[in-house]
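Here's the structure, in structure tokens; my notes come after.
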Amino acid sequence: MSRIAVIDFETTGMTPQQGARATEVAIVLLEDGRVVDRFQSLMNGGVWIPPFITQLTGIGNAMVQAAPAAGQVMQDAARFVGDTPLVAHNAAFDRKFWEAELARADLPAAQPFACTVLLSRRLYPEAPSHRLGALAAFHGLPPTGRAHRALADAEMTAALLQRMLATLRERWQVARPDHALLCALQRCAKPALPALLARYADA
DNA sequence: TGCCAGGCCCTCTTTAGGGCCTT
């Protein structure tokens, strides 16, 4: 059985290195490409949320102040994920917050990440944009809720990933795409793509 | 004072620069 956890953070800024903290996390668990479970929580990191972030996400200071402590949320999130490999849209961003918030909670972060932006650039070079909303429109994916809320974006990323898994099966005859293939695919040079996927294709 | 990320990709590239993508 192939398990993948799709994760999305809402935060107060672009990077923890500049003091930004997570305000919400959502995780959608896929087994063999099907959604089987979800985790979502606002989280209180004890920081002020800039107005433009509230305008962007709809997450305000009162909401976060009433939320569980960030450390408790990360403990629950880490337990939910276990050793399941992770996927995110622009994974470099979410991986930094995953690692930073877990480190604050004295928890290890050993899960490998795959990135749907990099995968999309490989699988759909014809897409006009690889932003999450643009890809949803490009593929005709149904709406999942307010954009820039963690669960809605994680659900949309999961739907995009499901579309990618279907593309791998239908266009490239890869019967059981797994996280290891996604990691190889996202870093594979374009000319080498057919050879890589041929190795994974059903004989 | 002015600026502030960073990894990846593309190309009028490779002794580099600019755009994308995430909040």
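Proteins come first, then strands; the chains are lettered A, B, ... in the order of their sequence lines, and each starts at number 1.
- To the nearest 0.5 Å, the span separating OG1 on A/T116 from CG on A/L161 amounts to 7.5 Å.
- Looking at residues 128-137 of chain A, you'll see A/S129, A/H130, A/R131, A/L132 sit with a heavy atom under 4.0 Å from some atom of DNA chain B.
- Rounding to the nearest 0.5 Å places CD of A/E101 at 12.0 Å from CG of A/D94.
- Closest approach of A/Q55 to A/R146, counting heavy atoms only: O-NH2, 3.2 Å.
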Determine, stepwise, if the pair A/Y124 / A/R163 fulfils side-chain contact (heavy atoms from CB on, under 4.5 Å).
CA-CA 11 Å; A/Y124 312 111; A/R163 177 59 56 95; 3.8 Å; yes
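- A residue-by-residue look at A/F9 and A/C188 shows that A/C188 has its nearest nucleotide of DNA chain B further toward the 5' end.
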List, one per line, each side-chain donor-acceptor pair under 3.5 Å for residues 44-54 of chain A, sequence neighbours excluded.
| unit_1 | atom_1 | unit_2 | atom_2 | d |
| --- | --- | --- | --- | --- |
| A/N44 | OD1 | A/G46 | N | 2.8 |
| A/T54 | OG1 | A/I59 | O | 3.0 |

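- The same atom, P, is picked in B/dC3 and in B/dC9; the two are 30 Å apart, to the nearest Å.
- Within a heavy-atom distance below 4.0 Å of DNA chain B, the residues of residues 143-155 of chain A found are A/H148, A/D153.
- Note on A/Q186: only backbone sugar-phosphate atoms sit closer than 4.0 angstrom, heavy atoms only; bases stay farther off.
- Remark: the separation of the C1' atoms in B/dT23 and B/dC4 is 15 Å, to the nearest Å.
- Ring geometry, A/F97 versus A/F9: the interplanar angle falls from 30° to 60°, so the pair is classed tilted.
- Applying the side chain to side chain donor-acceptor pair (under 3.5 Å) rule to A/N61 yields no partners; only residues at least two apart in sequence or on another chain are considered.
- Atom P of B/dT15 sits at a distance of 25 Å from the matching atom of B/dC20, rounded to the whole Å.
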Considering only distance and modelled atom types, tabulate donor-acceptor pairs under 3.5 Å from the side chains of residues 128-136 of chain A, sequence neighbours left out.
| unit_1 | atom_1 | unit_2 | atom_2 | d |
| --- | --- | --- | --- | --- |
| A/S129 | OG | A/R131 | N | 3.1 |
| A/H130 | ND1 | A/S120 | OG | 2.7 |

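- Contacts of A/T11 classified as side chain to side chain donor-acceptor pair (under 3.5 Å), with partners at least two apart in sequence or in another chain: none.
- Going from the C1' atom of B/dG2 to that of B/dC10 covers 30 Å, rounded to whole Å.
- A residue-by-residue look at A/A92 and A/T23 shows that A/A92 has its nearest nucleotide of DNA chain B further toward the 5' end.
- A/L56 is linked by a side-chain contact (heavy atoms from CB on, under 4.5 Å) to A/H148, counting only residues two or more places apart in sequence or in another chain.
- Not counting sequence neighbours, A/R169 has no partner by the salt bridge (Lys or Arg N to Asp or Glu O under 4.0 Å) test.
- More than 12 heavy atoms of other residues, nucleotides or ligands sit less than 6.0 Å from atom CZ of A/R171.
- Qualifying salt bridge (Lys or Arg N to Asp or Glu O under 4.0 Å) partners for A/R104, counting only residues two or more places apart in sequence or in other chains: none.
- Of the residues in residues 120-127 of chain A, those lying under 4.0 Å from DNA chain B by heavy-atom distance are A/R121, A/R122.
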Donor-acceptor pairs are to be reported for all side-chain atoms of residues 180-191 of chain A against protein atoms at under 3.5 Å, with residues two or more places apart or in another chain.
| unit_1 | atom_1 | unit_2 | atom_2 | d |
| --- | --- | --- | --- | --- |
| A/Q186 | OE1 | A/C115 | N | 2.6 |

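- Within 4.0 Å of A/L118, counting heavy atoms only, lie sugar-phosphate atoms of the nucleic acid but no base atom.
- Counting any heavy atom pair closer than 4.0 Å across all strands shown, A/T57 reaches sugar-phosphate atoms only and no base atom.
- Residue contacts shown for A/F97 are absent, as no nucleic acid heavy atom lies under 4.0 Å away.
- Rounded to whole Å, the separation between the C1' atoms of B/dC8 and B/dT1 comes to 32 Å.
- With a cutoff of under 4.0 Å to any heavy atom of chain A, the contacted region of DNA chain B is bounded 5' to 3' by B/dC4 to B/dT23.
- Using atom C1' as the reference point in both B/dC12 and B/dG19, the two lie 15 Å apart (nearest Å).
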